[in-house]
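Right, one structure below, let's go through it.
Positions are given from 1, in the same order as the sequence printed here.
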Amino acid sequence: MYMDFENYVDERMLVSHDAMGTKEIKIKVLEVEDEQYPLRWKFGDRAKVKKILLTIKHLKTQQVEEGEFDLSLIEKEMKETRHYSSTNRWLSVTDIKSGYVIYTKHTVLLSDAMALDYIVI
């Protein structure tokens, strides 16, 4: 099977780790919203992520946890309960590789879910 260089995605680009190096985290984009980014001319093509599948692998035990999150609902709850949301669900389309979010954008997508204790890493 032949794969050209442009379609190759290094797995290391997709996996982030917790501060102690005991867990691997991977995020798959399940759904994006149809909304158009208002400053497309300035920041390029972006997608507003609605739903993700979060996979956490515990490196010591090899146990894998998965959870689906609707980021739009979490963002709404955060705004209602805390009157503030730091989430920016807009991602550059180049930050999504083979349906997965590159590791440098994981914290951006998960900040509200962590603040509401949906995710404890």
Calculate, to the nearest 0.5 Å, the distance between atoms [atom1] and [atom2] belonging to [X] and [Y] respectively.
X      : Y      : atom1 : atom2 : value
Glu80  : Lys76  : CD    : NZ    : 5.5 Å
Ile119 : Leu54  : CD1   : CG    : 5.0 Å
Arg46  : Asp95  : CZ    : CG    : 7.5 Å
Ile25  : Thr107 : CD1   : OG1   : 8.0 Å

Next on the checklist: Which residues pass the salt bridge (charged side-chain N to carboxylate O under 4.0 Å, His left out) test with Lys57, not counting sequence neighbours?
Outcome noted: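 For Lys57 there are no salt bridge (charged side-chain N to carboxylate O under 4.0 Å, His left out) partners, ignoring immediate neighbours.
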
Checklist entry - With Lys48, which residues qualify under salt bridge (charged side-chain N to carboxylate O under 4.0 Å, His left out), at least two apart? => result Glu35

Once side-chain hydrogen bond (donor to acceptor under 3.5 Å, both in side chains) is applied, do any residues pair with [X], and if so which ones, sequence neighbours excluded?
X      : value
Lys26  : Glu11
Glu77  : Tyr118
Thr104 : none

Checklist entry - Closest heavy-atom contact between Val32 and Ala47? => result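 Here Val32 and Ala47 meet closest at CG1-CB, 4.1 Å.
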
Checklist outcome for this item: Closest heavy-atom pair, Ser98 versus Lys28, reported as atoms and distance to 0.1 Å, is O-NZ, 4.4 Å

What I'd like to find out is whether the side chain of [X] reaches to under 4.5 Å of the side chain of [Y], using heavy atoms alone.
X      : Y      : answer
Val49  : Ile27  : no
Val101 : Val108 : no
Leu91  : Ile102 : no

Donor-acceptor contacts, no H, no angles, side chain residues 64-73, under 3.5 Å, sequence neighbours left out:
residue: Glu65; atom: OE2; partner: His58; partner atom: NE2; Å: 2.4
residue: Glu66; atom: OE2; partner: Thr55; partner atom: OG1; Å: 3.2
residue: Asp70; atom: OD1; partner: Ser72; partner atom: N; Å: 3.1
residue: Asp70; atom: OD1; partner: Ser72; partner atom: OG; Å: 2.5
residue: Asp70; atom: OD1; partner: Leu73; partner atom: N; Å: 3.3

Next on the checklist: Just to verify, which of Lys50, Arg89, Lys51 counts as forming a side chain to side chain donor-acceptor pair (under 3.5 Å) with Glu33?
Outcome noted: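 By the side chain to side chain donor-acceptor pair (under 3.5 Å) criterion, Glu33 pairs with just one of Lys50, Arg89, Lys51: Arg89.
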
List the atom pairs, with distances to 0.1 Å, where a side-chain N or O of residues 13-21 and a protein N or O form a donor-acceptor pair under 3.5 Å, not counting sequence neighbours.
residue: Ser16; atom: OG; partner: His106; partner atom: ND1; Å: 2.7
residue: Asp18; atom: OD1; partner: Gly21; partner atom: N; Å: 3.0
residue: Asp18; atom: OD1; partner: Thr22; partner atom: N; Å: 2.7
residue: Asp18; atom: OD1; partner: Lys23; partner atom: N; Å: 2.9
residue: Asp18; atom: OD2; partner: Thr22; partner atom: OG1; Å: 2.8

Item to check | Nonpolar side-chain network containing Leu53, other nodes, edges under 4.5 Å | outcome: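 In the cluster with Leu53 are Leu30.
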
